[in-house]
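What follows is a short report on a single structure.
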Protein chains: 2
Amino acid sequence: MKLSTKGRYAVMAMVDLATHSDGKPVSLGDVAERQEISLSYLEQLFGRLRKNGIVTSVRGPGGGYLLARSARDTRVADVILAVDEPIKATRCTPGSSTGCRGRQQRCLTHDLWEELGNQIYLFLSSVSLADVVERRVLGTSGMLFQRDHEGRVAANR
Amino acid sequence: MKLSTKGRYAVMAMVDLATHSDGKPVSLGDVAERQEISLSYLEQLFGRLRKNGIVTSVRGPGGGYLLARSARDTRVADVILAVDEPIKATRCTPGSSTGCRGRQQRCLTHDLWEELGNQIYLFLSSVSLADVVERRVLGTSGMLFQRDHEGRVAANR
DNA sequence: TAGTTCTCGACTAGAACAGTTGGTTAATTC
DNA sequence: GAATTAACCAACTGTTCTAGTCGAGAACTA
């Protein structure tokens, strides 16, 4: 599970879509203006989303994009997986079980990345677009960590 | 909380350090060879780790790096925060509460990224270097998602 | 003094990100 | 049927980050 600004842009746009679609298609031009993302970049992202069956498209005037499923059934994880290509296995890629065998059989940190990837995926697939729209994202929040005046990392335990 | 291969390299190196240090300093040359990471790149990373008080250094022959605290008290999150500079707030940066006010007061997905960042941080600070060394990273694991033959994303629920 | 190891800064090829440009195709409206 | 709308598509670009290289120096040990 890769986390990039690309995935975040896609989620922002999809939330916008979920918010402003009342059964009618929403044009990317509108989304671009509201979210202040370039139209052409959105086109690239929605190309991916369409190929992955997350949205459907309607061409021509009054056209645009529609959620393929309801906002409640579209999970944030689906959106991110659709736009972020599965990464090619470098050294020890979180998702795949191959790739991290240098000279040892399996790198020491393998389980850690695997587990972290699962945690992230579990969280993001527990959240639907509807949850985001209705601001139903539980706030455990609070300042959990800071940097001191010298720039060093300090945690508030 | 930024997740990059850079942070992963740092954690791999720190786990190596925790594994091979029996009170004596471990030279970066040894770590580089074992982990197959370039020495000069490691030097950059350990410069950051030292400035953030994660490791201490000993110069000269027989020198190297030592954990500043015990492996049990050094958390994976600390390592990653030390090497990954706090990102400059682009549009809606997960960590900081500023930055995502385009024309609205606060973007719809803000809470989502904030909460995700917290989830990741909580997980990574619950794991110490000792946990990784002793392979004590709980495996909720299993294949949670896949792509079908057309490359589309599908989840195993 | 020689050799080891850390320390520091500048530089680099390659990749990814975010966006641009310039088209085409399909549907609607005039 | 012509003009307009908006999805589609491909190639290209400036910027940033990654991962690494290179060179010089400073501290310590033998």
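Bear in mind that the values here come from a model prediction, so they are computed numbers and not experimental data.
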Review point. B/D73 and B/S128: side-chain donor and acceptor closer than 3.5 Å?
Key: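 Not at all, the side chains of B/D73 and B/S128 share no donor-acceptor pair under 3.5 Å.
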Practice item. Please identify each residue that fulfils side chain to side chain donor-acceptor pair (under 3.5 Å) with B/S38, with sequence neighbours left out. Key: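 None.
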Which atom pairs, one a donor and one an acceptor, fall under 3.5 Å between side chains of residues 18-25 of chain A and the rest of the protein, sequence neighbours left out?
from, atom 1, to, atom 2, distance (Å)
A/T19, OG1, A/V15, O, 2.6
A/H20, ND1, A/D16, O, 3.1
A/H20, ND1, A/R34, NE, 3.3
A/S21, OG, A/K24, O, 3.2

Point to revise | Contact list for residues 33-64 of chain B, test ring pair (Phe, Tyr, Trp, His ring centres under 6.0 Å), sequence neighbours left out | key: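 For residues 33-64 of chain B, and leaving out neighbouring residues, the ring pair (Phe, Tyr, Trp, His ring centres under 6.0 Å) pairs sorted by first residue read B/Y9-B/Y41, B/F46-B/Y65.
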Check your understanding: For the side chain of A/E43 and the base of D/dC8, is some donor closer than 3.5 Å to an acceptor across the two?
Key ->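 Indeed, a donor on one side and an acceptor on the other fall under 3.5 Å apart.
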Review point. Any donor-acceptor pair under 3.5 Å joining the side chain of B/Q44 to the base of D/dT21?
Key: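 Counting by modelled atom types and ignoring angles, a donor-acceptor contact under 3.5 Å is found here.
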Review point. With distance as the sole test, does B/T74 use its side chain to make a donor-acceptor pair with the main-chain N or O of B/A71 at under 3.5 Å?
Key: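 Judged by distance alone, no pair lies under 3.5 Å.
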Whole angstrom is fine here: how far is it from [atom1] in [X] over to [atom2] in [N]?
X	N	atom1	atom2	result
A/K6	C/dA15	NZ	C1'	12 Å
A/R48	C/dA18	CZ	C1'	13 Å
B/I37	D/dT18	CD1	P	15 Å
A/L39	D/dA6	CG	P	10 Å
B/I80	D/dT18	CD1	P	13 Å
B/K24	D/dT29	NZ	C1'	13 Å
B/L42	D/dT21	CG	C1'	14 Å
B/L28	C/dT4	CG	P	16 Å

Looking at [X], I'd like to know whether one of its side-chain N or O atoms comes within less than 4.0 Å of OP1 or OP2 on [N].
X	N	value
B/Y41	D/dG20	no
A/S40	C/dA18	no
B/R50	C/dC8	yes

Point to revise | 5' precedence on DNA chain D between B/S4 and B/S38 (nearest-nucleotide basis) | key: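 With B/S4 and B/S38 compared, the 5'-side residue is B/S4.
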Could you list, one pair per line, each protein nitrogen or oxygen that sits under 3.5 Å from a nitrogen or oxygen of nucleotides 26-30 of chain C, together with the distance?
from, atom 1, to, atom 2, distance (Å)
C/dA26, O4', A/R59, NE, 3.4

Check your understanding: Which one, D/dG20, C/dC6, C/dG19, comes nearest to the side chain of A/Y9?
Key ->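 For the A/Y9 side chain, the nearest candidate turns out to be C/dG19.
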Point to revise | Listed nucleotide nearest any side-chain atom of A/K51, set C/dC17, C/dC6, D/dC9 | key: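 For A/K51, the side-chain atoms sit closest to D/dC9.
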Review point. Could you give all pairs that pass the salt bridge (charged side-chain N to carboxylate O under 4.0 Å, His left out) test and reach residues 56-68 of chain A, with sequence neighbours left out?
Key: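 Every candidate salt bridge (charged side-chain N to carboxylate O under 4.0 Å, His left out) pair involving residues 56-68 of chain A fails, so no pair, neighbours aside, qualifies.
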Exercise for review: Identify, between A/G7 and B/Y65, the residue whose nearest nucleotide on DNA chain C lies closer to the 5' end.
Suggested key: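 Whichever sits nearer the 5' end wins; that is B/Y65.
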Practice item. Assign A/G47 to base, sugar-phosphate, or nothing according to its heavy-atom contacts below 4.0 angstrom with the strands shown. Key: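 If one applies the 4.0 Å heavy-atom cut-off, A/G47 turns out to touch nothing in the nucleic acid.
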Review point. What residues form a side chain to side chain contact (heavy atoms under 4.5 Å, CB included) with A/E134, not counting sequence neighbours?
Key: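 Once residues adjacent in sequence are excluded, the partners of A/E134 under the side chain to side chain contact (heavy atoms under 4.5 Å, CB included) criterion are A/R72, A/A130, A/R136.
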